[in-house]
2 protein chains.
Amino acid sequence: MNFQQLRSIREAVRQKFNLTDVARALHTSQPGVSRQIRELEDELGVDLFVREGKRLTSLTEVGVLVVPIVEKMLNDADNLRRAGQEFTQKTRGRLSIAATHSQARYALPGAVKDFRRRYPHVALNLHQGSPDQVAGMLISGEADIGIATEALSLHDSLVALPCYRWTHSVIVTPGHPLLAWPTLTLERLSEHPIITYNEGFTGRLHIDRAFAKQGITPDLVLTAMDADVIKTYVELGLGVGIVASIAFDEARDQNLRAIDAGHLFAVNLTKLGIRRGSFLRGYVYDFIETFASPLKRELVERAVASAPGECVELDC
Amino acid sequence: MNFQQLRSIREAVRQKFNLTDVARALHTSQPGVSRQIRELEDELGVDLFVREGKRLTSLTEVGVLVVPIVEKMLNDADNLRRAGQEFTQKTRGRLSIAATHSQARYALPGAVKDFRRRYPHVALNLHQGSPDQVAGMLISGEADIGIATEALSLHDSLVALPCYRWTHSVIVTPGHPLLAWPTLTLERLSEHPIITYNEGFTGRLHIDRAFAKQGITPDLVLTAMDADVIKTYVELGLGVGIVASIAFDEARDQNLRAIDAGHLFAVNLTKLGIRRGSFLRGYVYDFIETFASPLKRELVERAVASAPGECVELDC
DNA sequence: TATCCTTACGGAATTCGTAAGCATG
DNA sequence: CATGCTTACGAATTCCGTAAGGATA
């Protein structure tokens, strides 16, 4: 058993069982990959992959059992390297953050700026994607921490720690009739075409639920992945926007008006996700605490060491 | 990074930093071991071992951090092999049980007999040792499961599952004055020389505590590791014995009499220990359930997957 | 001086990539 | 017939054990 074999196995799953792609990803030859996989299968005495003719098509029953262990081992290998670096170069390294647009654009800048000043020699890597992609990057090890409101709690191999709560606001053009009412209601809102987030993004679920509960079918004329796009179309007069309150900046968005909608839609909880069992560099703990001050190092350490289903104070 | 390096690291710790012994244990040459360790240290960029002159003496700060990860990886490698075997030879393999004398002698025989009949091709390996040794064998991976009343809950890398509760009995020769009293008390017991377990064995702690609580200093004329030795000396008239009730067999011990002492000493809880994160063969789950029927597979699986400190139903 | 680690060196084994072969959609 | 996996083979590398060297209790 060796690590090249394990890497081949892991990459074969990631590359959907195309060994040619695996070879490319691992910077080696295709026959080599073929051999690595075959060798480990021989050593274990079982096929890990289902072969149809010569092609690999899926994991066998054992494969399903084995692959998570393989991934754990390879992650531990990374942890080992990180543990070494933590001592050779305490203030140098890499911090890879995966976040949704909303987080990257509105929640993270402050913490990132502080972090840059404090750790000028740590290369910051900010990846943006859908909540699912954020989770995927954590699982694959591409990202060290992930920040999103959705999806992070759904995977057993991740821990999700609560960062902050937020609500939505309705965004309209100046002089819009909705501004005239003393209080905003769902009925009044539903009289206008609505522009908001795509499904699965930034609390969209809570928006749908609120309307459904009142038996209202809102007129969703446009949905987008991020608040900037939404605001653009609101400015163009296509409808009223529903965005995260944090996305409205009075100074910057002078040709728009915001109406608080915290009473209309359920409160959202943004979470910070980490792969279980990760060894985190010291500066990662610092970043996390800067971003969400209740998440002290000791708490995060316990969360990372916890098992799926287990509750670590703020967690769940 | 390769597994031989990891094995060298692990073994170096186990062999108290004597690389000559490490080489012997790993069936390789001493310069080889030296090189493996040096290579991994080079790759990580940090020394893992403190060197005084040329000798290794202890772990560095990083070493302390790294060694647990190394052990986890090597254990996962074993898990991988076991997962393979589970499919190639479901009813063949090895089951290594570590237990204290009391357990091996009185509690296990029934389960072992059933298991042998059910899995004739699984090689059973029964190791005997002190509670500490049982824990040590679990931690090192020499034993798959451990059974003891003490010590198992003390290590973070182990889970301890409760098996059964038991109390002590007082063992005397026929016609002994203690048999004349309607009820046994600590005072009456303490008027006789006492023979019982060594410290740290089979509920000895509860015996000491009970006497201490009443301000009595018992006359411990002899202590031994197991009930058979104790019974032998009771027969010889050296004193009265205090042993686990389970260790007295009316049919076999015809020249001895037992007096229940469940009301004098606290109840003991025998536990089954497993290394966290182990992949267990199917027959291991069967054995466990045969031994302690409440420990169903699903429960044990959750316990093994749990993190230190977490409570899994019957656990704690 | 015995123990224990390191360095040096040469042979053995392993590893890996290229080229050719073969199955499948 | 293009894609994708396997087999075959030779070169390069790595690995490992022996032998010699040096430090320490």
Side-chain angles (χ1 to χ4, degrees), chain A residues 1-60 62-63 66-67 70 73-74 77 80-81, chain B residues 1-60 62-63 66-67 70 73-74 77 80-81:
Chain A
M1 187 182 306
N2 63 52
F3 285 99
Q4 190 65 0
Q5 291 166 357
L6 301 184
R7 273 189 291 270
S8 301
I9 298 287
R10 176 175 70 177
E11 203 60 35
V13 176
R14 289 192 181 166
Q15 301 289 346
K16 307 235 172 71
F17 313 111
N18 183 325
L19 300 198
T20 309
D21 292 347
V22 171
R24 214 188 326 273
L26 297 182
H27 307 293
T28 180
S29 70
Q30 184 275 317
V33 171
S34 223
R35 198 168 33 222
Q36 301 295 352
I37 291 177
R38 182 68 78 183
E39 275 174 14
L40 189 61
E41 289 183 322
D42 285 349
E43 184 176 340
L44 298 183
V46 225
D47 278 6
L48 300 177
F49 295 95
V50 175
R51 289 167 172 80
E52 286 181 10
K54 288 196 168 181
R55 321 206 163 184
L56 314 203
T57 57
S58 61
L59 284 172
T60 62
V62 210
V66 158
V67 165
V70 168
M73 295 175 77
L74 290 171
L80 225 52
R81 293 192 192 92
Chain B
M1 186 183 307
N2 63 51
F3 285 99
Q4 190 66 359
Q5 292 166 355
L6 301 184
R7 273 189 290 270
S8 301
I9 298 287
R10 176 175 70 177
E11 203 60 35
V13 177
R14 289 192 181 166
Q15 300 289 349
K16 305 236 173 70
F17 314 109
N18 183 325
L19 301 197
T20 309
D21 291 348
V22 172
R24 215 188 324 275
L26 297 182
H27 306 293
T28 181
S29 70
Q30 183 274 318
V33 171
S34 224
R35 196 168 33 223
Q36 302 295 353
I37 292 177
R38 183 68 79 184
E39 274 174 15
L40 189 61
E41 289 183 321
D42 285 350
E43 183 177 340
L44 298 183
V46 225
D47 278 6
L48 300 177
F49 295 96
V50 175
R51 288 165 172 81
E52 285 181 12
K54 288 196 168 182
R55 322 207 161 182
L56 314 204
T57 57
S58 61
L59 284 172
T60 61
V62 209
V66 158
V67 165
V70 168
M73 295 175 76
L74 290 170
L80 227 52
R81 292 190 193 94

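Not measured: the values here are computed from a predicted model. Throughout, a chain's letter reflects where its sequence line sits, starting with A, and its residues are numbered from 1.
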>> Heavy atoms within less than 4.0 Å of DNA chain D: which residues of residues 41-55 of chain B have one? Give them sorted by number.
In response: B:Gly53, B:Lys54, B:Arg55

>> Under the rule for side-chain contact (heavy atoms from CB on, under 4.5 Å), what residues qualify as partners of B:Ser29, not counting sequence neighbours?
In response: B:Pro31

> Is the shortest heavy-atom distance from the side chain of B:Thr57 to the side chain of B:Val50 under 4.5 Å?
Replying inline: yes

> Looking at DNA chain D, which of residues 4-21 of chain A put a heavy atom within less than 4.0 Å of it?
Replying inline: A:Phe17, A:Asn18, A:Leu19, A:Thr20

> Looking at residues at least two apart in the chain, or sitting in another chain, which of them share a side chain to side chain donor-acceptor pair (under 3.5 Å) with A:Arg14?
Replying inline: none

> Residues in side chain to side chain donor-acceptor pair (under 3.5 Å) with B:Arg38, at least two apart?
Replying inline: none

>> Give me the atom names and distance for the closest heavy-atom approach of B:Val22 to B:Ser8.
In response: CG1-O, 4.1 Å

> Is any side-chain heavy atom of A:Leu80 closer than 4.5 Å to a side-chain heavy atom of B:Met73?
Replying inline: yes

>> By the ring pair (Phe, Tyr, Trp, His ring centres under 6.0 Å) test, which pairs, at least two apart or in different chains, include something from residues 22-47 of chain B?
In response: none

> Can you tell me if the side-chain N/O atoms of A:Thr28 get under 4.0 Å from OP1 or OP2 in C:dG17?
Replying inline: yes

Determine all donor-acceptor pairs shorter than 3.5 Å in which one atom belongs to a side chain in residues 39-46 of chain B; sequence neighbours excluded.
| residue | atom | partner | partner atom | Å |
| --- | --- | --- | --- | --- |
| B:Glu39 | OE1 | B:Gln5 | NE2 | 3.2 |
| B:Glu41 | OE1 | B:Arg51 | NH1 | 3.2 |
| B:Glu41 | OE1 | B:Arg51 | NH2 | 2.9 |
| B:Glu41 | OE2 | B:Leu48 | N | 2.6 |
| B:Glu41 | OE2 | B:Phe49 | N | 3.1 |
| B:Glu41 | OE2 | B:Arg51 | NH1 | 3.3 |
| B:Glu43 | OE1 | B:Met1 | N | 2.7 |
| B:Glu43 | OE2 | B:Met1 | N | 3.4 |

Between the protein and nucleotides 7-15 of chain D, list the N/O to N/O atom pairs that are separated by less than 3.5 angstrom.
none

> Quick one: on DNA chain C, does B:Gln30 or A:His27 contact a more 5' nucleotide (nearest heavy atom)?
Replying inline: B:Gln30

>> Taking side chain to side chain donor-acceptor pair (under 3.5 Å) as the definition, give me every residue that meets it alongside A:Arg7, ordered by chain and number, with sequence neighbours left out.
In response: A:Gln4

> What's the spacing between A:Asn2 CG and A:Gln36 CD if we round to 0.5 Å?
Replying inline: 5.5 Å

> In which stems does DNA chain C show up, taking only runs of three or more Watson-Crick or G-U wobble pairs whose two distances fall under 3.5 Å?
Replying inline: C:1-25 with D:1-25

> If you measure from CG on A:Leu56 to NZ on A:Lys16, what distance do you get to the nearest 0.5 Å?
Replying inline: 14.5 Å

>> Rounding to an integer number of Å, can you tell me how far B:Arg24 CZ sits from D:dG17 P?
In response: 14 Å

> B:Ile37 has an atom CD1; how far is it from atom P of C:dC5, in whole Å?
Replying inline: 9 Å

> Hey, does A:Val62 have a side-chain heavy atom less than 4.5 Å from the side chain of A:Asp47?
Replying inline: no

>> Tell me which pairs pass salt bridge (charged side-chain N to carboxylate O under 4.0 Å, His left out) where either residue lies in residues 20-33 of chain A, with sequence neighbours left out.
In response: A:Asp21-A:Arg24

